[in-house]
Amino acid sequence: MTATTSSPASSVSELERLKTLHNGSKQPLTFTDAEFERRLGGLRTIMAEKNLDAVVLTSYHNIKYYSDYLFTYFGRSYALVVTADDSVSITANIDAGMPWRTSYGDNIVYTDWRRDNFYFGIQEALRRRGIKATRLGVEDDTLPVLLRDKLQAAFPDAALTDISQAAMRQRMIKSAEEIEVIKHGARIGDLGGEAIKAAIAEGITEYEVALIGTEAMVHEIARTFPDQEVRDTWVWFQSGINTDGAHNWATTRKLQRGDILSLNCFPMTSGYYTALERTLFLGEPDARSLELWNVNVEVHERGLELIKPGAVCKDIAAELNEIYISHNLLPNRTFGYGHSFGVLSHYYGREAGLELREDIDTVLEPGMVVSMEPMITVADGQPGAGGYREHDILVISENGAENITKFGYGPNNNIINP
């Protein structure tokens with residue numbers, strides 16, 4: 001298909017507010033059309049329950065989940081308008097035809113030539129479909145107040161109703177197609193971990209190790225998903241005091257013999273997050289470090305046993321807490337014991353209703369994918385100082401849970417003596 005072309009113009013004021021840019025041909029998507037219709041069908045069930053005329057999705061994760069398009073923000077807004085019959089993305093002119101090529105559904109492009117063309121594009125999407133909205137679904141968990149106010153002004157007669165929590169619950173149950181992507185992600189994370197493990201040596205910097213792991217994963221992602229964008233994969237590799245936080249970025253610190261190390265690989269496969277996290281030591285750990293590491297491995301292994309259909313998130317957390325209490329380490333915990341996987345990253349998409357924490361009463365079901373990732377931190381200057389963390393990914397089935405992380409953990413596997 002070809003793009004619509006503009007008529008000649010002698011000033012910016014003559015340029016169009018909206019465009020149709022069907023430039024090139026639709027590209028293969030991450031999932032089948034049937035999978036996107038399943039997802040949109042679930043959203044339309046939510047719409048019917050809430051008596052909504054349409055939904056205006058504005059988050060990275062829901063636009064990706066329901067259309068396969070993962071936008072690049074850079075200060076411009078994006079939307080996916082879902083009606084009872086179809087869906088249309090509202091994207092910026094700077095992206096040209098790429099959003100249409102790489103998404104499921106129709107597309108409207110808005111230009112920069114007038115203020116608030118984004119909202120005009122949403123209005124036009126509904127107008128073309130003959131919808132005069134009285135109730136619109138929005139995502140209040142990620143919708144900034146300014147954007148919400150402008151959306152309300154664009155539809156003054158419509159009540160804006162939150163659908164974010166219902167959509168999150170839908171995303172928590174993965175389809176077979178999603179689980180296949182997640183399994184590839186776990187496999188690729190293991191490959192990144194092996195590349196990192198091979199690179200560990202005295203004198204190399206954290207960021208150099210991180211680059212080695214990232215490169216190994218990116219090449220494998222490109223090989224496995226040749227029709228998709230290659231983006232967003234990263235590694236947090238930490239040493240010494242920098243292991244105290246799970247989300248500490250790599251630095252220029254050089255590795256030294258005796259260091260505690262933390263390997264964290266995050267292959268991003270078409271917006272889908274997976275992770276591999278492991279504690280390692282460069283050289284033999286001292287007695288207290290080994291003791292702490294083994295305690296955390298004990299918690300990790302018990303947590304793996306507890307993840308199964310019918311288990312309650314808060315009950316898992318409570319039982320694992322007892323192990324730390326028995327070793328006087330409960331105050332050293334740093335975060336929950338695990339979380340859901342899917343369309344998420346460090347800047348979008350957390351499925352907060354599926355976390356292994358004391359305040360979450362979600363019951364684990366087949367199709368859910370969760371991590372087991374206990375962590376404790378001992379402050380600098382104390383015996384065994386550092387952060388200890390292991391992380392596996394489990395896919396819950398009717399009869400149990402499959403651990404799709406294969407990289408070895410604990411002192412038997414991860415004491416490095418180059």
Side-chain angles (χ1 to χ4, degrees), residues 1-30 33 36 39-40 43 53-83 85-133 136-139 142-144 146-148 150-155 227-229 231-232 270-271 343 348:
M1 300 180 69
T2 57
T4 57
T5 55
S6 305
S7 56
S10 58
S11 71
V12 169
S13 64
E14 297 176 48
L15 297 177
E16 63 268 72
R17 301 184 69 176
L18 305 175
K19 293 182 177 182
T20 299
L21 283 178
H22 292 179
N23 193 35
S25 302
K26 285 280 193 179
Q27 296 178 4
L29 302 182
T30 312
D33 289 358
F36 285 109
R39 298 178 184 191
L40 289 165
L43 183 58
D53 301 301
V55 168
V56 180
L57 302 170
T58 50
S59 68
Y60 286 100
H61 42 282
N62 274 333
I63 293 174
K64 173 66 179 178
Y65 183 76
Y66 292 106
S67 77
D68 215 27
Y69 175 60
L70 185 59
F71 64 82
T72 302
Y73 178 54
F74 259 116
R76 291 179 175 86
S77 296
Y78 292 76
L80 181 70
V81 178
V82 179
T83 71
D85 300 314
D86 70 351
S87 59
V88 53
S89 54
I90 315 298
T91 62
N93 193 39
I94 196 167
D95 301 305
M98 184 269 289
W100 176 79
R101 292 194 300 272
T102 61
S103 66
Y104 185 78
D106 201 357
N107 174 253
I108 293 174
V109 171
Y110 73 91
T111 67
D112 287 350
W113 318 130
R114 274 182 65 176
R115 186 178 297 277
D116 292 337
N117 277 351
F118 168 66
Y119 304 96
F120 181 69
I122 297 172
Q123 290 173 319
E124 181 66 8
L126 293 182
R127 187 195 68 78
R128 292 178 186 178
R129 288 155 178 80
I131 296 174
K132 183 173 174 59
L136 283 177
V138 296
E139 299 173 80
T142 58
L143 189 61
L146 180 61
L147 196 155
R148 196 183 202 280
K150 288 191 172 186
L151 193 59
Q152 184 68 81
F155 297 95
D227 298 315
Q228 304 306 312
E229 296 172 341
R231 56 179 288 185
D232 295 338
S270 192
V343 181
Y348 61 81

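Sequential numbering from 1 along the given sequence is applied to the chain's residues.
Remark: Lys26 engages no residue in a salt bridge (charged side-chain N to carboxylate O under 4.0 Å, His left out) (not counting sequence neighbours). Here Arg114 pairs with nothing under the salt bridge (charged side-chain N to carboxylate O under 4.0 Å, His left out) rule; sequence neighbours left out. Judged as a side-chain contact (heavy atoms from CB on, under 4.5 Å), and not counting sequence neighbours, the contacts of Glu229 are Met98, Arg231. Remark: Phe71 pairs with Tyr60, Tyr78 by the ring-ring contact (aromatic ring centres under 6.0 Å, His included) rule, at least two apart or across chains. Scored by the salt bridge (charged side-chain N to carboxylate O under 4.0 Å, His left out) test, Asp232 finds no partners at all (sequence neighbours excluded). Under the side chain to side chain donor-acceptor pair (under 3.5 Å) criterion, Asn117 pairs with Arg17, Thr111, not counting sequence neighbours.
Ion pairing of Asp86 with Arg129 is present here, as a side-chain N (NZ or NE/NH1/NH2) and a carboxylate O approach within less than 4.0 Å. The pair Lys132-Asp53 does not meet the salt-bridge criterion, since no charged nitrogen lies less than 4.0 angstrom from a carboxylate oxygen.
Taking every heavy atom of both residues into account, Phe36 and Ser67 meet most closely at CE2-C, 3.8 Å.
Each of Leu80, Thr142, Val343 was checked for a side chain to side chain contact (heavy atoms under 4.5 Å, CB included) with Ser59, and the lone residue meeting it is Thr142.
Within the 3.5 Å criterion, the main-chain N or O of Phe155 finds no donor-acceptor partner in the side chain of Gln123.
At least one side-chain heavy atom of Lys64 sits under 4.5 Å from a side-chain heavy atom of Thr30.
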